[in-house]
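A short write-up of the structure that comes next.
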Amino acid sequence: MLSKYINLLKPYKENVKILKSINLKYGTEATFETKSYRLHKLDEGPSTQVKLTKSDAVKYYKQLHTIRRMETAAGNLYKEKIVRGFCHLYSGQEACAVGMVAALRPQDSVITAYRAHGWTYLMGVTPIGVLAELTGRQNGNARGKGGSMHMYAKNFYGGNGIVGAQVPLGAGIAFAQKYLNTGGVCLALYGDGAANQGQIFEVYNMCKLWNVPCIFICENNGYGMGTSMDRASASTEYYTRGDYIPGIWVDGMDVLAVREATRFAIDYCISGKGPLVMETFTYRYSGHSMSDPGTSYRTREEIQEVRQTRDPLTSFKERILNVGLVTSEELKLMETDIRKEVDAAVTLAKADKEIPIDELVTDIYALNLEHEIRNVTPFNPLNHNNMGPAINK
């Protein structure tokens with residue numbers, strides 16, 4: 001089955017050769033101005049003058065476009081009833097994840113909520129690993145066992161289906177990094193809908209007491225599960241909600257602004273000052289989940305206005321084209337390759353097989369010391385075949 005996927009990607013390799021043969025008469029670096037950052041208990045923030053190289057421009061655009069197309073494919077698979085269960089799309093919020101990953105170092109970690117498909121891809125899992133996991137197939141990131149909310153990669157501790165519960169877990173990851181002296185930080189992401197959870201304020205306190213290197217990131221897309229932030233929060237300045245913890249607000253639709261803010265936050269944490277709260281002001285185009293049309297509590301005109309004025313893909317595309325970092329021909333070839341790669345992943349995700357029933361009891365323990373796993377009753381145990389953990393695709 002994987003050989004079919006590889007064959008479908010052959011045109012991609014040809015286009016790479018074409019890209020390399022293009023004789024460009026453009027610059028290799030440009031400087032952009034970002035929106036001003038809002039600061040809480042900070043004397044200074046990141047610079048609004050941001051430099052971007054050609055190679056980074058190409059990489060970021062590829063990541064932004066891949067996530068957008070992958071999420072469109074996920075939505076279509078759900079509508080075809082091939083994806084079952086929950087499915088939360090990241091369309092519109094791509095610049096948050098791409099910007100943060102651009103600032104990460106090898107020793108840093110991430111944990112997020114259930115809108116995690118794009119994050120999984122950015123942390124090293126291929127589109128087929130994501131889409132086959134959504135369809136519950138064996139080439140999925142977790143062998144089809146986890147689905148939309150349970151995808152993982154190296155230094156990526158996955159999505160979490162319990163609202164806000166990933167934040168104390170992220171604090172634990174960051175505490176381990178401090179305890180083991182790895183020099184790493186943990187990004188713990190949550191939405192504006194989860195921002196009022198009591199457990200979040202509890203870990204604010206713990207992390208500040210112990211100066212744990214955790215960056216608490218509120219992806220504020222304006223709405224919780226059908227409720228606007230104005231109706232849910234007495235204070236919508238989420239970057240100030242850490243009180244005694246410094247905070248920073250950033251335009252979450254600008255990948256470069258997010259990158260610079262994340263770099264600033266990482267530098268702050270590793271200096272020994274403890275945690276930081278960061279709010280990325282963003283927007284989701286789809287509903288809260290696929291069962292939510294997303295138009296009963298906001299207008300179609302509002303969504304369309306954001307698409308036309310703040311879209312993270314089109315705005316970034318215009319910026320890098322206008323300064324001559326890339327050509328329209330390069331981007332067209334890249335978009336064609338991404339479409340072919342995602343289409344090939346969809347084809348395999350539909351045709352792939354589910355895991356056999358004897359894998360039901362694998363991946364329960366990292367090291368299983370027993371030969372049997374308790375069944376629904378203690379009288380008919382299941383045999384553990386020691387197949388080992390699921391493999392990231």
Side-chain angles (χ1 to χ4, degrees), residues 1-13 16 62-63 65-91 94 97 101 110 112 114-161 290 336-366 368 382 384-393:
M1 189 65 71
L2 281 173
S3 61
K4 293 182 180 179
Y5 179 59
I6 293 169
N7 289 332
L8 287 167
L9 289 179
K10 284 182 178 178
Y12 170 79
K13 296 178 180 178
V16 170
K62 178 183 178 182
Q63 292 173 334
H65 196 80
T66 300
I67 295 173
R68 178 68 59 86
R69 185 163 285 279
M70 197 169 63
E71 291 293 63
T72 300
N76 291 335
L77 287 168
Y78 187 93
K79 292 170 185 175
E80 294 176 43
K81 298 184 178 180
I82 298 173
V83 172
R84 303 298 181 94
F86 295 99
C87 185
H88 304 80
L89 303 182
Y90 204 60
S91 303
E94 298 93 344
V101 168
V110 178
T112 187
Y114 35 68
R115 214 175 296 279
H117 310 157
W119 271 102
T120 307
Y121 158 71
L122 291 175
M123 295 301 285
V125 177
T126 63
I128 181 58
V130 174
L131 295 175
E133 185 61 33
L134 285 171
T135 58
R137 310 303 170 92
Q138 61 184 2
N139 278 295
N141 167 242
R143 301 283 288 163
K145 293 181 175 185
S148 179
M149 298 188 191
H150 304 96
M151 300 182 187
Y152 309 93
K154 182 180 180 181
N155 289 347
F156 179 56
Y157 291 81
N160 196 300
M290 291 300 294
T336 299
D337 289 339
I338 292 169
R339 175 178 56 80
K340 290 177 179 177
E341 181 181 13
V342 174
D343 287 350
V346 169
T347 300
L348 179 57
K350 287 182 175 181
D352 199 15
K353 295 180 181 179
E354 295 180 1
I355 58 173
I357 196 67
D358 60 1
E359 281 198 50
L360 178 66
V361 294
T362 61
D363 306 313
I364 295 175
Y365 302 102
N368 187 44
L382 297 170
H384 189 283
N385 56 14
N386 294 314
M387 291 186 67
I391 301 172
N392 293 327
K393 299 293 180 182

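Nothing here was measured: the structure is a model prediction, and the numbers come from that model.
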### Task
Could you give me the CA-CA distance, side-chain angles and deciding distance for Arg137 and Ile82, then say whether side-chain contact (heavy atoms from CB on, under 4.5 Å) is met?
CA-CA 11 Å; Arg137 310 303 170 92; Ile82 298 173; 4.1 Å; yes

### Query
If you measure only the distance, is there a donor-acceptor pair under 3.5 Å linking the side chains of His117 and Ser148?
yes

Within the side chain of [X], is there an N or O that forms a donor-acceptor pair under 3.5 Å with the backbone of [Y]?
X      : Y      : answer
Thr66  : Gln63  : no
Arg84  : Lys81  : yes
Glu354 : Gln138 : no
Glu133 : Gly146 : yes
Thr120 : Val125 : no
Asp352 : Asn139 : yes

### Query
Of the non-hydrogen atoms in Met149 and Tyr114, which two are nearest, and what is the gap between them?
CG-CB, 3.6 Å

### Task
Take Leu77 and Leu134 through the test side-chain contact (heavy atoms from CB on, under 4.5 Å) and record every step on the way to the result.
CA-CA 9 Å; Leu77 287 168; Leu134 285 171; 5.6 Å; no

### Query
How are the rings of His150 and Tyr152 set to each other: parallel, tilted or perpendicular (split at 30° and 60°)?
tilted

### Message
Would you compute the distance between atom NE2 of His88 and atom OH of Tyr78 and round it to the nearest 0.5 angstrom?
### Response
9.0 Å

#### Entry: Separation of Arg69 CZ from Asp343 CG (nearest 0.5 Å)
6.5 Å

#### Entry: Listed partners of Lys350 passing salt bridge (Lys or Arg N to Asp or Glu O under 4.0 Å), at least two apart
Glu80

### Query
Can you check side-chain contact (heavy atoms from CB on, under 4.5 Å) on Leu122 and Ile67, steps first, answer last?
CA-CA 9 Å; Leu122 291 175; Ile67 295 173; 3.8 Å; yes

#### Entry: Derivation and outcome, side-chain contact (heavy atoms from CB on, under 4.5 Å), residues Leu131 and Leu348
CA-CA 9 Å; Leu131 295 175; Leu348 179 57; over 6 Å; no

### Message
Looking at Asp363 and Lys145, is any side-chain nitrogen of the basic one under 4.0 Å from a carboxylate oxygen of the acidic one?
### Response
yes

